[in-house]
Protein chains: 2
Amino acid sequence: MNTKSDLGQKEQLTEKEFLKEYNAREYEAPLMTVDMAIFTIRKDKLHVLLVKRAQHPGIGKWALPGGFIDLVKDKQLVDTARRKLKEKTGIDTPYLEQVETFGSRRRDPRGWSVTVAYFALIASEDIDIASNETSEEIVWAAIEGIPKKYNLAFDHNVLFQACYDRLKAKVQYTSLPINLLPQEFTLSELQKIFEIILGSKIEKKSFRRRIIDANIIGETGNVKTGSNRPAKLYSVNAAGKSHYFPRNIEGPR
Amino acid sequence: MNTKSDLGQKEQLTEKEFLKEYNAREYEAPLMTVDMAIFTIRKDKLHVLLVKRAQHPGIGKWALPGGFIDLVKDKQLVDTARRKLKEKTGIDTPYLEQVETFGSRRRDPRGWSVTVAYFALIASEDIDIASNETSEEIVWAAIEGIPKKYNLAFDHNVLFQACYDRLKAKVQYTSLPINLLPQEFTLSELQKIFEIILGSKIEKKSFRRRIIDANIIGETGNVKTGSNRPAKLYSVNAAGKSHYFPRNIEGPR
DNA sequence: TTGACATAGTGTCACAGAGCCACTATCATA
DNA sequence: TATGATAGTGGCTCTGTGACACTATGTCAA
């Protein structure tokens, strides 16, 4: 078999001639997949979408949704992620962020494999699990259930943790969790979401000041009633979906 | 040709039987490479290592060092990065960080390809370009020369920018640039490195307080003489190689 | 109708770490 | 021995977060 360098070194070839002779399938390449942690909030808890594997390897185990790059359908890496997200949830404009790429000889029994981990944030009301095109078994798992209740296939426990860690880190200095809420929300609802991800309480005044001073939300003019004093409703502006605050949330003194 | 799902769905197979029948080469996978921006400081400027491509495609163009995963030699993704770094510079324990993975149909004329971008920080005195095993043409390029003076092959201008952006961002809240200095250094030298990456001056007292209060360096007992008042020499401790400060450098008021 | 209570929202001070800037300290060099 | 350059410090100001008591406005039950 050719080594990678044989063909390319023939300097007498033009690049065009080289490409004509080149056949990618002569070379051994690792398996290449994209996996994603799709987060949402349900019943005041952070949840992640899991899919039961219908195929070998790891058949019957829970895993993060994902799959192979479609060399025809997908133009870029992120297209694979978007396509998978659409297939499972019907959503096509989430907050989407690449986290880390994992590759090793052993992570998949089929051989050397590489996966790019993404995470997505979606508003819980946007979820339409029924619109799952693939008729696979799907579950929203509360994050504390991983890996005990849901011990994931391959190294997906690790991928999940990397995504979750990234999210928890970013709560401290970005407005990212705002993407977990529907269009209209109250400041208290927003604070609650931050607290859920952070795993601890935030001081009310500090939080409100932080958000208001950042100019990332605007009043819609509506109020949310039902629970005692009505609360003003807000919506995010464009900048607010990924705003970086000047300082971290510091936590209790 | 089989689709990905054909074989896996045969539920009557055990996983062992499945793996026996499975042949990775029946499936089309993208090309998979690792590329890296190796940073160092030379003459008070940030430089990055470039390699002149000796092969098609992009023959004769400058590029970030990198290459294909060696499915035999490399156990994990990071091994590929370490191996390439060792080949080019002779160094095997740098600061190394994965930045972002780029994949698209067009970034390499050979077809769908994916590359994982890393960056490395090395002390300038560690450099041994002569020890380059591959006898390729190599250059330390000042970063402002990219892409004007050095217009890189493939999408390497973009990869470089992603690595450089990451580095610049991290100067503001981590101790990362300390990895660009030799074992012993003065606080003024450390400050200079931060300023070079940041692209602007830092107030001396603030900087020294920030570093000292972080407990990430210790006096070696030696002093650096030669320029007027001698300066105390310090060395980093383990925690200091990747310390996160509680706040960002804010810049001038 | 009214009072208890729950949640929304504010006023104001303390705190910590960054910026500012003038000051002192210690060397090389002329 | 004076000068200049670089090392290093004292002590103030500034900004954004934490703390916490306070006010505001609704629901609900008696």
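Any value given below was found using the heavy atoms of this structure, including those in side chains, with hydrogens, waters and symmetry copies removed. In what follows, every chain begins at residue 1, and chains take the letters A, B, ... in the order their sequences are listed.
If you check every strand for non-hydrogen atoms under 4.0 Å, B:Ser188 touches sugar and phosphate atoms only. Within the nucleic acid shown, B:Arg210 comes within 4.0 Å of sugar-phosphate atoms alone, with no base atom in reach, counting heavy atoms only. Among the protein residues, B:Asn248 comes within range of the sugar-phosphate backbone only, with heavy atoms under 4.0 Å from sugar or phosphate atoms but none that close to a base.
Taking atom CG on A:Leu190 and atom P on C:dT7, their separation rounds to 18 Å, with Å as the unit. One can place OH of B:Tyr244 at 19 Å from P of C:dG17, the figure rounded to the nearest angstrom. In this structure, CD of B:Glu250 is placed 12 Å from C1' of C:dC20, rounded to the nearest angstrom. Remark: P of C:dA8 and CG of A:Leu233 are 11 Å apart, rounded to the nearest angstrom. Rounded to whole Å, the distance from CD1 on B:Ile212 to C1' on C:dG17 is 15 Å. Atom pair A:Ile217:CD1 and C:dG9:C1' shows a separation of 13 Å (rounding to whole Å applied). Computed from coordinates, the A:Lys192 NZ to C:dA8 P distance equals 11 Å when rounded to whole Å. The distance from atom CD1 of A:Ile249 to atom C1' of C:dA16 is 17 Å, rounded to the nearest whole Å.
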- Would A:Asp35 and A:Thr33 count as a side-chain contact (heavy atoms from CB on, under 4.5 Å) if you check the C-alpha gap in whole Å, the side-chain angles of each, and the deciding distance to 0.1 Å? CA-CA 7 Å; A:Asp35 292 306; A:Thr33 54; 3.8 Å; yes

- Task: Determine, stepwise, if the pair A:Tyr173 / B:Asn248 fulfils side-chain contact (heavy atoms from CB on, under 4.5 Å).
- Result: CA-CA 11 Å; A:Tyr173 57 95; B:Asn248 290 352; over 6 Å; no

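With respect to the salt-bridge test (charged N to carboxylate O, under 4.0 angstrom), the residues B:Glu144 and B:Lys45 qualify. A salt bridge is defined here as a Lys NZ or Arg NE, NH1 or NH2 lying under 4.0 Å from an Asp or Glu carboxylate O, and B:Arg83 with B:Asp74 meets this definition. Salt bridge annotation for A:Glu97-A:Lys170: present, with a cationic side-chain nitrogen under 4.0 angstrom from a carboxylate oxygen.
Residue pairs meeting the side-chain hydrogen bond (donor to acceptor under 3.5 Å, both in side chains) criterion with at least one partner in residues 188-199 of chain A, sequence neighbours excluded, are A:Glu189-A:Lys224, A:Gln191-A:Glu195. The stretch residues 192-213 of chain B participates, sequence neighbours left out, in these ring pair (Phe, Tyr, Trp, His ring centres under 6.0 Å) pairs: B:Phe194-B:Phe207. For residues 210-243 of chain B, the set of pairs meeting the ring pair (Phe, Tyr, Trp, His ring centres under 6.0 Å) definition, not counting sequence neighbours, comprises B:His243-B:Phe245.
The phosphate of C:dG17 has neither OP1 nor OP2 within less than 4.0 Å of any side-chain N or O from A:Arg247.
For DNA chain D, the outermost nucleotides in 5' to 3' order that have an atom under 4.0 Å from a heavy atom of chain A are D:dT15 to D:dT27.
Looking at which nucleotide of DNA chain D each of A:Arg253 and B:Arg253 is closest to, the 5′-most match is held by B:Arg253. When each of A:Asp213 and B:Thr186 is assigned the nucleotide of DNA chain D bearing its nearest heavy atom, the one mapping closer to the 5' terminus is B:Thr186.
A donor-acceptor pair shorter than 3.5 Å can be found between the side chains of A:Thr220 and A:Glu184. Checked by atom type, the side-chain pair B:Tyr150/B:Lys52 shows no donor-acceptor distance below 3.5 Å.
Taking every heavy atom of both residues into account, A:Val223 and A:Lys232 meet most closely at CG1-CA, 4.2 Å.
Side chains of B:Lys88 and B:Ile138 form a contact here, defined as non-hydrogen atoms less than 4.5 Å apart.
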- Note on the structure: Readout for nucleotides 22-30 of chain C: B = base within 4.0 Å of protein heavy atom, S = sugar-phosphate only, - = neither; 5' to 3' it is ---BBBS--

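Against DNA chain C, the stretch residues 167-180 of chain B makes no heavy-atom approach under 4.0 Å.
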